[in-house]
Each structure stands twice: as C-alpha cells, then as structure tokens.
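FYI, the numbering just counts along the sequence from 1.
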Amino acid sequence: MNCQNYKTMTEEGYSLCETCEMRLAGTLLRLARDVTPLHDSLDATLHPGGHSPVRIQTATPPTPIRLDVLDLIDMLDATARELWRCLDGIDALDWHRDPRMEDLEATLIACAGHPKLATFPDAGLYMRIVNNLARKVDLALDPPEQRREIGTCELCETMLTAGQADQWVTCPVCGTEQRVQTVKLRRLKKLCWDDSKQGRAADIAKAFTDAGITLKASLVRKWAERGQVARTPQGIPYSDVYRQVIAGQLDK
C-alpha cells in the first residue's frame, strides 16, 4: 500500500511512517537554514539569488520592503510556534505554560528533533502544511528566471510578475488572485486609451502579442510608413495602432 503519511493508529490519531518522519524533520531543518536568507531578502534591492542575496542598483530609491517575504516569514513563524505547542501538548490559551522561543530558527530545529514529531495528532496535516511553506520559501529565494512584469493589480496597483506558463497570479500586497491574461489586457487597455503613450514598433507589437493579440513589429512600421499611424520623435502612439487593429488591418 502506498504511504498515506501514517503507519499505525494511536489513541490520539495516525502516526507518520519512518520515511515521512525523516522527510518532515529534514524539511524543518531546511526551513531553519532558510530563515536568515529570507530576512536578508526583505529589501527589494536585494536580488534573491538562491541563498546568497546580492545587492543590485535600482533606478528609483528608496526601495519598498518585500511584503510577500514578510508575510511568508510571519506565516512560517506562526506555524513553527503552533507546531511546538502541539508537540508539547500545550494549550495555545495557556500562555503560562508556553515556553515560547523568540528565535524562529531555534524553534524549527527544536521541532525537527522532538521525540513526538511522528506520533502527535495531526502529524500528517502538519507535514502537508510544512511542505507547502517550503515550496513558497523556495520560490521566494530562487524565483524562476523567466518571471517578468505583466501589469498592475486591479485593487492596489502593485506591479505583478508571472512566468510564461502561469495562468493565475496572486498579488503579494493585497492577496487578490487574478488571471494573467486579464492583467495583460488591462495593461494594454491603459496604454491604448492614453493618447500620450508612445513606443517603438517592437515594444508595441510585444505588448499586443503578450495580451493575446498577435502583432508583428514589421506591420506597425509599415502602417507608420503609409501614414496610417502617427510617428513622432518619441515613438508611435499605442492608440493609433489600436485603431488599426480594431479596424481589421492586421493582415494589411
């Protein structure tokens, strides 16, 4: 039978098998190791760069704190404290008996080495929670190389990023989940409805194509040569290109 995160039934619940117990302890120790890099990456001027953050220069100081990482640290801290209380059988409301550790790294290490790690109630549940947190930490410290800006959040105007295969994106500030294609279309709409927005033919074609409307830069240049769209020293207006697209001129 495949492992279902338990091996025997105790009076209080299922206990983890030896393999899962080792995996859970290992994940907790890895999270303890990642606490310092997580704190280091709070500054948005720090490129995560795996577990060795390197400072890079940005164009517009001061830089905001990475709220997504701050929320992740808080979530990790709350989970570690709760897990420690579960292992020691301490009621969360009984703060007199709660040997609270202020050091998150020490708390994670203590949980990993606790003798009841595999046998306390809800061990399987906490294994899934810890694994999920570990995936989020890995994503925060080692973000995919192909992630790029796609547009701003509908609610708080925070710039969002997504990978090529992502269909949904969650705002790191307000937590709103939005469809990637909708964010891209909303960004294109803002560009096209503002007559002052101008750009190179290649940039305009890329913005339309990213939003799901395939447009070649060579066609935009052809429109400019024919006088179908305006051309200024600052570039070609997005609004002019949009009028050509909705007029059905993509193949002309």
Chemist: Ignoring hydrogens and geometry beyond distance, is a side-chain donor-acceptor pair present between Thr152 and Arg187 at under 3.5 Å?
Modeler: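 Judged by distance alone, the side chains do not pair up.
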Chemist: Do Ser239 and Trp193 come close enough that some side-chain heavy atom pair is under 4.5 Å?
Modeler: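 No. Closest side-chain heavy atoms not under 4.5 Å.
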Chemist: Answer yes when Lys136 and Asp68 have at least one side-chain N-carboxylate O distance shorter than 4.0 Å, and no when they do not.
Modeler: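 Salt bridge between Lys136 and Asp68, a charged N being under 4.0 Å from a carboxylate O: no.
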Chemist: Any salt bridge linking Lys206 with Asp203? Criterion: basic side-chain nitrogen under 4.0 Å from a carboxylate oxygen.
Modeler: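 Answer for the salt bridge query: no.
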Chemist: Does the distance from a Lys or Arg side-chain N to an Asp or Glu carboxylate O, for Glu154 and Lys189, drop under 4.0 Å?
Modeler: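 Result for this pair is no, no salt bridge flagged.
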Chemist: Verify the cluster assignment for Leu155 and Val169: are they in a single hydrophobic cluster under the rule of side-chain heavy atoms below 4.5 Å apart?
Modeler: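 They do not share one cluster, since no chain of ILVMFWY contacts under 4.5 Å joins Leu155 to Val169.
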Chemist: So, Phe208 versus Tyr238, ring centres under 6.0 angstrom or not?
Modeler: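 Ring centroids of Phe208 and Tyr238 are no less than 6.0 Å from each other.
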Chemist: Starting from Val180, can I reach Met159 by hopping between I/L/V/M/F/W/Y residues whose side chains sit under 4.5 Å apart?
Modeler: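 In one cluster: no.
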Chemist: Is the number of heavy atoms from other residues, nucleotides or ligands within 6.0 Å of CD (Gln167) greater than 12?
Modeler: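 Not buried by this count: 12 neighbours or fewer within 6.0 Å.
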Chemist: Between Asp240 and Arg243, does at least one N-O distance fall below 4.0 Å, as a salt bridge requires?
Modeler: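 Salt bridge between Asp240 and Arg243, a charged N being under 4.0 Å from a carboxylate O: yes.
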Chemist: Would you call Lys190-Asp194 a salt bridge at under 4.0 Å N-O?
Modeler: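 Answer for the salt bridge query: no.
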Chemist: Report yes if the side chains of Val220 and Gln244 come closer than 4.5 Å at any heavy-atom pair, otherwise no.
Modeler: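 Not in contact.
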Chemist: According to the interplanar angle, ranging from 0 to 90°, do the rings of His114 and Trp84 count as parallel (below 30°), tilted (30 to 60°) or perpendicular (above 60°)?
Modeler: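 Answer is perpendicular, since the angle exceeds 60°.
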Chemist: Please name the residue in the list Leu83, Val130, Leu29, Thr19 that meets the side-chain contact (heavy atoms from CB on, under 4.5 Å) test with Leu24.
Modeler: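 For Leu24, the side-chain contact (heavy atoms from CB on, under 4.5 Å) test succeeds with only one of Leu83, Val130, Leu29, Thr19, which is Val130.
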